[in-house]
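Order of the sequence lines fixes the chain letters, A, B, ..., with proteins taken first and strands second; residue numbering starts at 1 for each chain.
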Amino acid sequence: MNINLTLFGQTIAFIVFVWFCLKYIWPPLINALNERKKTIADGLAAAVHGQQAQERGEQRAVEIIRDAKTQAQEILASAEKRRNEIVEEAKLEAKDEGERLVGAAHAEIEQETHRAREQLRGQLASLVVAGASQILDKEVDAATHGQMLDGLVGQL
Amino acid sequence: MAAENLTTTSYIKHHLQNLTFGKHPDGGWGIAHGAEEAREMGFWAIHLDTMFWSVALGALFLWVFHKVAKRVTSDVPDGAQNFIESVVEFIDNNVRGSFAGKNDLIAPLALTLFVWVLLMNTMDLVPVDWIPMIASGIGIPYMKVVPTTDPNATFGMSIGVFFLTLYYSLKVKGPIGFAAELSMQPFESKNIFLKLLFLIPNLFLEIISLISKPISLSLRLFGNLFAGEMIFILIALLFNGGWVLALMGGALQLGWAIFHILIILLQAFIFMVLTIVYLDMAHSEH
């Protein structure tokens, strides 16, 4: 329990220990701690950033979907309109075509009627000639009366 | 009865005797046998046991921490690093909380003091007779294993702290500022005459308070640990008194050891915190 040289021995040991700790122990440890703190803070910041980015992405996705829906609606509407137009056009065309066909048919019919009438007329003339020749027998000159009959046929 | 008293007394005395190496009054160098011889050696002697255990424990602290510090990583830490880091973080928080200035020495100083004092205090939990008995087995007559129960150890540290506070007081405040701090308070006055009048009592009070810091710092630690060890020694005496007393002694030993864990931690912590506070006061202007 005497105060003696141990006092200085202890003081020297104390100084050496503190010096060693100051030089070789404290700096690497506290640096590692601060570095990890920074890493964690950065990680958390990045997580928040990522979350925000994700929210923004979701918002954008919603907007895109909404736009796409509107666009689809527009496309549908314009398609409907176009369809109606096409139908109308087709109707008109069909009507025209029908009218044209009807017209052509009419013309053909008329032609056919005309031709049939001509034929009939020709046949009628010959029938009349035949009939008359039978009635009149040999008295009728085919050539002379034929000319007259042709004149009659032309009047029909 | 007389013989038993003698053995009890000598047992306690033996436990309180440091292994002192010094110059005998008759001129030869050697180990002191008994308290009288140690006292006769005077100042020029050294406590080998205190020096050995304190340096060994300090070296253990530095070795363990340095081992971890060498391969420290800011990635995922392993178990040892985790433990060391929690200690470092604890010290760092305390220094941040108590020390307002900026000084890179304070935190390592606090770490060294805390762990070193804690390790030295922890030697108190080793049953009082184990190491002395082993030591006497190999021919060492005295062995006090708790360096903090030697006032030399606690004063040694507090003197180091004291000179640090003096150094930083002079460095931060300058010689004039420091002198003013010592002489212009606690009695203050605007009047120059009163100021001069107060100079002497101020100086007297401030120097007492300055000197009392390292003394109280070291005596607090020494007193607590010495008393704790004394109780362990007294409990150990019970083991000689038959099996009933021995059982009681065992229970007491266990109880006191558990309670003592609190004291060794608390005293190491107080020593560290007061060191930080004293150095903070040295850094701050009034």
[atom1]/[X] to [atom2]/[Y] distance, rounded to the nearest 0.5 angstrom?
X	Y	atom1	atom2	answer
T6(A)	N152(B)	OG1	CG	4.5 Å
I25(A)	K67(B)	CD1	NZ	13.0 Å
I30(A)	E85(B)	CD1	CD	9.5 Å
F17(A)	L57(B)	CZ	CG	8.5 Å

Non-hydrogen side-chain atoms of [X] and [Y] separated by less than 4.5 Å:
X	Y	answer
V18(A)	L105(B)	yes
N4(A)	H47(B)	yes
F14(A)	L113(B)	yes

Apply side chain to side chain contact (heavy atoms under 4.5 Å, CB included) to the pair D92(B) and L33(A), showing each step before the final yes or no. CA-CA 10 Å; D92(B) 196 42; L33(A) 281 178; over 6 Å; no
Which atoms of K23(A) come close to chain B, meaning under 4.5 Å heavy atom to heavy atom: side chain ones, backbone ones, both, or neither? neither
Interchain contact, I15(A) with chain B, by part (heavy-atom threshold 4.5 Å): neither
Exercise: identify the closest heavy-atom pair between [X] and [Y]:
X	Y	answer
L111(B)	C21(A)	CD2-SG, 3.7 Å
F43(B)	I3(A)	CD1-O, 3.6 Å
A32(A)	S74(B)	O-CB, 3.6 Å
V55(B)	A13(A)	CG2-CB, 4.2 Å

Below 4.5 Å, heavy-atom pairs only: which of L5(A), T11(A), I12(A), L22(A) has the largest tally toward chain B? L5(A)
Return the option, out of F20(A), F8(A), Y24(A), with the maximum number of heavy-atom pairs under 4.5 Å with chain B. F20(A)
For [X], look at atom [atom1] and say whether over 12 heavy atoms of other residues, nucleotides or ligands are found less than 6.0 Å away.
X	atom1	answer
D104(B)	CG	no
E108(A)	CD	no
E110(A)	CD	no
R71(B)	CZ	yes
R117(A)	CZ	no
K37(A)	NZ	yes

I'd like to know which of P147(B), G22(B), A45(B) tops the heavy-atom pair count under 4.5 Å against chain A. A45(B)
Side chain to side chain donor-acceptor pair (under 3.5 Å) between S54(B) and Q10(A): does it pass, once the steps are laid out? CA-CA 8 Å; S54(B) 61; Q10(A) 284 290 323; 2.6 Å; yes
Look only at the side chain of R36(A) and the backbone of T73(B), and say whether a donor-acceptor pair between them is shorter than 3.5 Å. yes
With only heavy atoms counted, which part of E89(B) is less than 4.5 Å from chain A, the side chain, the backbone, both or neither? both
Identify which part of T154(B) has an atom lying under 4.5 Å from any heavy atom of chain A, answering side chain, backbone, both or neither. neither
Carefully, step by step, assess V88(B) and W26(A) under the rule side chain to side chain contact (heavy atoms under 4.5 Å, CB included). CA-CA 8 Å; V88(B) 168; W26(A) 187 264; 3.8 Å; yes
